[in-house]
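Following: one structure in structure tokens, then a few remarks.
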Amino acid sequence: MDWSRTKTIFIITFLLLNVFLSWQLIETHNMNQISMITEATIQEVLRENNVKIEIDLPEEDSSGLLVVGKHADLSQEEVPTLDAQELELIDKHTILSELEEPFPLTREDFLAELSTFLSTYVFEGDEYRFGGFDSGKNRVFLYQVFGDKTAYTLDDEPLILQLDEQLQIVSYQQRYFQFEEQDGEEREMLSSLKAIEVLLNDQLVRPNQTITNVQFGYYSFFSPTGDVQVFAPMWRVTVDGETYLVHAIGGSVQQLT
């Protein structure tokens with residue numbers, strides 16, 4: 001074996017590897033610099049227009065995918081016996097429960113008491129989050145989470161609690177999603193600040209306004225196809241009482257209120 005030649009090949013190989021790694025380091029540094037300049041520019045435009053942000057802006061992973069939610073098949077075997085209630089399966093995806101005794105809620109400790117109810121009475125109850133209250137029908141509706149982010153559905157709340165006039169839970173209807181990320185290449189997602197820039201460019205954020213809330217979640221806006229729904233990553237931005245959803249991948253905007 002020609003050790004001198006082999007040694008030369010190794011030296012050249014390591015030199016090329018060092019050049020490649022140095023190039024990658026420089027590219028990463030340049031990209032970070034561009035990102036910092038861009039964000040500084042957005043902040044400058046917001047200041048010039050006297051647009052205030054009252055909260056610390058959350059950050060998420062820089063890339064993501066669509067999420068598919070499929071209603072799980074529920075049966076007496078799948079759902080463990082839950083005390084102090086009578087369960088009925090309306091169909092293979094839906095549980096209807098009547099409590100033996102009403103469960104009280106108070107305005108002062110509503111969220112804490114709701115959490116206790118979910119963990120005690122509801123199948124996989126820790127995976128649901130408060131979504132809203134329908135005062136006309138005395139109903140609380142809740143959504144599931146994917147990871148630690150809420151997955152919002154259109155006219156298809158996975159968990160609905162029925163209250164009586166004393167704000168006591170007397171029954172509930174439940175469906176349960178099984179989530180998985182859609183196959184495909186991950187795509188770059190907008191940061192929360194870039195989502196605000198989209199609204200600024202669309203003149204949905206105007207001078208002298210205040211941004212009061214920015215949250216990341218997954219949203220499905222289309223009627224379910226069978227027992228499947230597709231959820232897209234979105235930034236939910238509230239500006240002076242108006243709420244907008246900015247698609248974290250595509251950048252499209254939808255107004256909620």
Side-chain angles (χ1 to χ4, degrees), residues 35 38-39 41-43 45-46 49 51-71 111 127-134 139-160 175 177-182 184-225 228-257:
S35 177
T38 301
E39 293 198 355
T41 303
I42 299 170
Q43 294 278 21
V45 172
L46 292 172
N49 285 275
V51 175
K52 298 177 182 178
I53 302 177
E54 287 190 338
I55 37 76
D56 293 330
L57 293 179
E59 293 304 329
E60 293 298 323
D61 293 337
S62 59
S63 60
L65 294 167
L66 299 179
V67 173
V68 176
K70 185 178 187 297
H71 282 132
L111 291 179
E127 295 186 26
Y128 292 85
R129 298 290 181 271
F130 175 74
F133 177 62
D134 184 341
R139 289 179 174 176
V140 174
F141 53 90
L142 301 97
Y143 299 104
Q144 257 181 272
V145 294
F146 170 69
D148 62 344
K149 304 302 178 185
T150 305
Y152 297 90
T153 51
L154 175 66
D155 299 329
D156 185 33
E157 292 82 11
L159 181 59
I160 302 173
R175 286 186 295 275
F177 279 114
Q178 292 173 322
F179 294 108
E180 62 179 24
E181 290 185 326
Q182 200 171 44
E185 183 180 352
E186 289 194 348
R187 297 175 59 186
E188 184 178 356
M189 292 200 303
L190 300 177
S191 68
S192 53
L193 192 58
K194 291 292 287 182
I196 292 172
E197 183 186 26
V198 169
L199 297 177
L200 194 65
N201 292 338
D202 288 354
Q203 297 185 345
L204 297 172
V205 174
R206 295 179 293 278
N208 304 313
Q209 289 193 310
T210 301
I211 297 169
T212 56
N213 191 31
V214 179
Q215 291 182 338
F216 181 86
Y218 291 87
Y219 290 79
S220 174
F221 293 107
F222 302 100
S223 298
T225 302
V228 175
Q229 293 201 40
V230 178
F231 297 80
M234 300 269 187
W235 287 106
R236 181 185 180 119
V237 184
T238 302
V239 186
D240 282 355
E242 299 288 339
T243 301
Y244 305 94
L245 293 177
V246 181
H247 197 301
I249 295 176
S252 59
V253 178
Q254 181 162 342
Q255 185 171 357
L256 286 184
T257 55

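What you see is a predicted model, and the numbers here were worked out from it, not measured in a lab.
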Kindly compute the distance separating [atom1] ([X]) from [atom2] ([Y]), expressed to the nearest 0.5 Å.
X      : Y      : atom1 : atom2 : value
Glu127 : Asp148 : CD    : CG    : 12.0 Å
Arg175 : Ile160 : CZ    : CD1   : 6.5 Å
Lys52  : Leu46  : NZ    : CG    : 13.0 Å
Tyr244 : Ile196 : OH    : CD1   : 13.0 Å
Gln215 : Met234 : CD    : CE    : 14.5 Å
Ile53  : Ser192 : CD1   : OG    : 8.0 Å

Query raised in the report: Does a salt bridge link Arg139 with Glu157, judged by any charged N lying under 4.0 Å from a carboxylate O?
Result: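 Salt bridge flag = no for Glu157 with Arg139.
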
Report yes if the side chains of [X] and [Y] come closer than 4.5 Å at any heavy-atom pair, otherwise no.
X      : Y      : value
Val237 : Val205 : no
Phe216 : Pro233 : yes
Arg236 : Leu256 : yes
Trp235 : Pro58  : yes
Phe179 : Gln144 : yes
Leu193 : Gln43  : yes
Ile55  : Leu57  : yes

Report task. Evaluate the side-chain contact (heavy atoms from CB on, under 4.5 Å) criterion for residues Gln209 and Glu242: first the C-alpha distance (whole Å), next the side-chain angles of each, then the deciding distance (0.1 Å), finally the verdict. Result -> CA-CA 11 Å; Gln209 289 193 310; Glu242 299 288 339; over 6 Å; no

Query raised in the report: Does Asp56 CG have over 12 foreign heavy atoms under 6.0 Å away?
Result: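 Atom CG in Asp56 is not crowded, with 12 or fewer foreign heavy atoms closer than 6.0 Å.
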
Query - Of Leu204, Ile211, Thr210, the residue whose pairing with Val239 passes side chain to side chain contact (heavy atoms under 4.5 Å, CB included) - result: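 That would be Ile211.
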
Query raised in the report: Taking the six-membered ring for Trp, are Phe231 and Tyr143 ring centroids under 6.0 Å apart?
Result: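 No: the rings miss the under 6.0 Å criterion.
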
Report task. List the steps, then state whether side-chain contact (heavy atoms from CB on, under 4.5 Å) holds for Val246 with Leu199. Result -> CA-CA 8 Å; Val246 181; Leu199 297 177; 3.8 Å; yes

**Report entry** Plane angle bin for His71 and Phe177 - parallel if under 30°, tilted between 30 and 60°, otherwise perpendicular
**Finding:**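 Rings of Phe177 and His71: parallel, as their planes differ by under 30°.
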
Requested in this report: Search all heavy atoms of Arg206 against all heavy atoms of Val51 and return the closest pair with its distance.
Outcome: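 Looks like O-CG2, 3.5 Å.
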
